[in-house]
Amino acid sequence: MLFSKTLIPTSKENPKDAVLKSHQFLVRAGYIHQIGSGIYNFLPLGKIVLDKIIEVVKTRMNEANAQHITMGFVIPAELWKNSGRYEKYGKELLRFQDRKNNEFVLGPTHEETITEIIKAFVKSYKQLPLNLYQIHLKFRDELRPRFGLMRGREFIMKDAYSFHSSVEDLDREFELMRQTYIKILQDLELDFRIVDADSGAIGGSGSKEFMVLADCGEDTIVMCEECQYAANIEAANRQKRTPPAPPIMPPKADFALFSTPNVTTIQKLCEFFHIHAYWTIKAVVKKIILDSNKQDFGVFFLRGDDSLEETKALNALNANGMQAIELQEASAQEIEQIGLIPGFIGAYALRSIIGDRPIIFDIDLQDEADLICGANQINHHFVGVDLSTFENLIYADISTINQNDKCAHCGGNLIYKKGIEVGHIFKLGDRYSKALNAEFLDENGKSKPFIMGCYGIGITRLMPAILEQKADEKGCIWGKASTPFLIHIIISNTKDKEQSDFGLWLYNTLQSKNIQVLCDDRDLRFGAKIADFELIGSSYCVVVGKELQSQKIEWINRQNLHKKEFSTHNIIESILRELDNAD
Ligand code: ATP
Ligand code: MG
């Protein structure tokens, strides 16, 4: 491409609200253009990179025998009502009506549609397994669209869905997709981790996320320093905690009511009794938003130095028969309205106060003794609390893993890392096929719901993810498979005929060898052109400048900005050799 004839609106100005370097560079280098909140246009450079990423994903998916299709972006609402997700998906689902008042949604994900396709055409186990994928638009009315392409409202996803006659066959495909995703992210030269994940609103059992490691990542990954264990903090677990080492001793005492005036926080409680927060029980009251649009309140008990992990708490509620969608803060007033006293909430006589509202204890407190908790009376706590004396308590893993907690697999130290979720694979089981009555006949002629898996990759999110990991302070750096141009020629002074002729000859010759080249033929200062090369981040730059008089050109590697000189004799061979060596 000739720079002068291509729409590449580079700019020195950072867009307002752009805090991430990927967002700043993608806009400043003329890759993307914002047209609405969380909605972006892809300009020529953006489209080139997008297509390159798509090519990598497509090649690896096809290799794994997945079949490429495209499904409608607009989906009849009835399908979503049948699966039960029309209500459940919440406000991220954009619902609308056509001129005849028929209801529709803009697809945020396509389990319902694909299940309808399979239901229509697949009748027998002999037609299975199948894995169908699309690379297409999604719309999610995100609460906080931000960071440019990282969290858009309209974005492109690769979503694949597989159908099986048995759980074992799903397990096989899940592993194949895991391997396929590894290849895709390796092709894109990304440093990533595969982590255990929560299954979220899509539902299902086994689920893994693919996280690109980057400090700006919105996800916290819990990783073991010793073994391979890694999990999203929403799904991470740990070994049972050990008591703090002496001299901090457990507060051994007979069960008794203690006057604790104004001791309303864990910190004050620890100071009052001179103990470690490990020995205290913290009560967290949450407002629970239910599937039915109703709301309720629940009480969660944790060790005083732990904190509630809301995703785990939500899962624990649903595992105990609730249909909860979301947890929200309960105000002091709301807490008082259900009969509780903020600062003094405890386990004793709680049922008689809050009735059958959910009460869940963190698993680390299971049957623990020597604890101190609120007495459900103003200015009072109980000491000598022994949870093993209670009957029918519900225990679940609901606390956030802390750094330096111990790995449940090997006892190693757990640490945090930040990651960008670029992919997510799920075992769905029969969640959708059952709800939508999608069945096949097995070997014995018996009707059975399809066993399903689903596999997503954030195509448009991959663009900023690559940059967050690779870009430097000057601009974009891409991998070989994602770079917009392998070679960027700068004709230093376009008024110099010799430079111009040589630059254009080089451009045409390299292009004829199927090398993607951008030739900067603009009548601009050299400084502006080199800054644009660094901003755009093509892999290499050839500077055709004054040195041409002594038959030399300069070669710059964008990754490390190392420079070399090449003789113009055999220049094509030199460049080809350089590109070969880089492989
Ligand atoms: P997140 O937790 O980041 O909202 P998610 O769990 O909702 O992601 P999935 O439903 O698993 O995402 O979608 C599959 C992939 O689509 C994600 O791994 C991510 O790469 C991408 N993705 C999801 N939401 C967005 C978005 N708003 N903008 C861009 N990409 C997205
Ligand atoms: Mg999401």
Side-chain angles (χ1 to χ4, degrees), residues 20 22-23 26 32 34 36-40 42 46 50 53-54 57 61 85 88-94 106-112 114 133-161 174 177-178 181 184-185 188 190 192-204 206-214 216-221 231-235 310-311 314-315 325-326 418-428 431-432 453-469:
L20 295 191
S22 58
H23 185 187
L26 284 171
I32 58 171
Q34 183 168 11
S37 165
I39 307 177
Y40 288 85
F42 287 80
L50 190 65
I53 293 173
I54 288 174
V57 174
M61 289 301 291
R85 278 209 295 186
K88 209 172 192 165
Y89 209 88
K91 292 193 172 151
E92 277 187 27
L93 183 67
L94 187 65
L106 269 190
T109 166
H110 281 75
E111 284 78 4
E112 284 81 355
I114 193 85
Y133 76 99
Q134 66 169 349
I135 296 176
H136 200 29
L137 288 176
K138 293 276 178 274
F139 191 92
R140 295 182 182 179
D141 199 356
E142 297 273 355
L143 181 61
R144 272 187 291 275
R146 57 186 173 161
F147 304 149
L149 298 179
M150 198 78 91
R151 185 168 296 283
R153 293 199 298 162
E154 183 184 89
F155 58 97
I156 298 174
M157 199 198 284
K158 186 286 295 173
D159 45 329
Y161 306 86
F174 189 80
M177 283 296 112
R178 199 178 75 89
Y181 276 40
I184 289 170
L185 298 183
L188 294 170
L190 286 165
F192 64 97
R193 295 289 181 280
I194 305 172
V195 309
D196 291 347
D198 175 62
S199 296
I202 294 180
S207 144
K208 300 262 182 206
E209 282 167 349
F210 290 73
M211 295 281 189
V212 168
L213 298 182
C216 74
E218 288 185 280
D219 286 88
T220 301
I221 308 169
N232 191 310
I233 196 158
E234 295 178 348
E310 290 197 7
T311 305
L314 204 58
N315 290 342
I325 298 175
E326 193 190 331
K418 287 288 180 189
I420 301 168
E421 182 199 319
V422 293
H424 199 167
I425 59 177
F426 294 79
K427 292 181 188 173
L428 293 171
R431 154 87 179 77
Y432 292 92
C454 78
Y455 318 91
I457 289 185
I459 298 285
T460 42
R461 184 178 284 183
L462 274 167
M463 267 171 82
I466 292 169
L467 294 180
E468 284 306 323
Q469 205 165 69

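Both counts, for ligands and for their atoms, begin at 1 and track the order of listing.
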(request) Quick one: sort the Tyr40 and His23 rings into parallel, tilted or perpendicular, breaks at 30° and 60°. (result) perpendicular

Give yes or no for whether the N/O distance cutoff of 3.5 Å, strictly under, is met between [X] and ligand 1.
{"X": "Glu421", "answer": "yes"}
{"X": "Gly152", "answer": "yes"}
{"X": "His424", "answer": "yes"}
{"X": "Arg151", "answer": "yes"}

(request) List in chain and number order the residues that pass salt bridge (charged side-chain N to carboxylate O under 4.0 Å, His left out) with Lys158, two or more places apart in sequence or in another chain; answer none if no residue qualifies. (result) none

(request) State which residues pass salt bridge (charged side-chain N to carboxylate O under 4.0 Å, His left out) with Glu112; sequence neighbours excluded, sorted by chain then number. (result)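 Partners of Glu112 under the salt bridge (charged side-chain N to carboxylate O under 4.0 Å, His left out) test: Arg85.
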
(message) Can you check which of Arg140, Glu218, Glu142, Met150 brings a heavy atom nearest to atom 29 (C) of ligand 1?
(response)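 Heavy atom nearest to atom 29 (C) of ligand 1 belongs to Met150.
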
(message) As a check for students: among Phe139, Phe426, Phe147, Phe155, identify the option with a heavy atom nearest to atom 22 (N) of ligand 1.
(response) Phe155

Note: [X]-[Y] ion pair, threshold 4.0 Å (strictly below):
{"X": "Asp196", "Y": "Lys208", "result": "yes"}
{"X": "Arg461", "Y": "Glu468", "result": "no"}
{"X": "Arg153", "Y": "Glu142", "result": "no"}

Numbering as shown, the atoms of ligand 1 that approach [X] to under 4.0 Å (heavy-atom distance):
{"X": "Leu149", "value": "29 (C)"}
{"X": "Met157", "value": "13 (O), 14 (C), 16 (O)"}
{"X": "Val422", "value": "18 (O), 20 (O)"}

(message) Any heavy-atom pair between the side chains of Ile221 and Leu213 that's under 4.5 Å?
(response)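 Counting from C-beta outward, Leu213 and Ile221 do come under 4.5 Å.
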
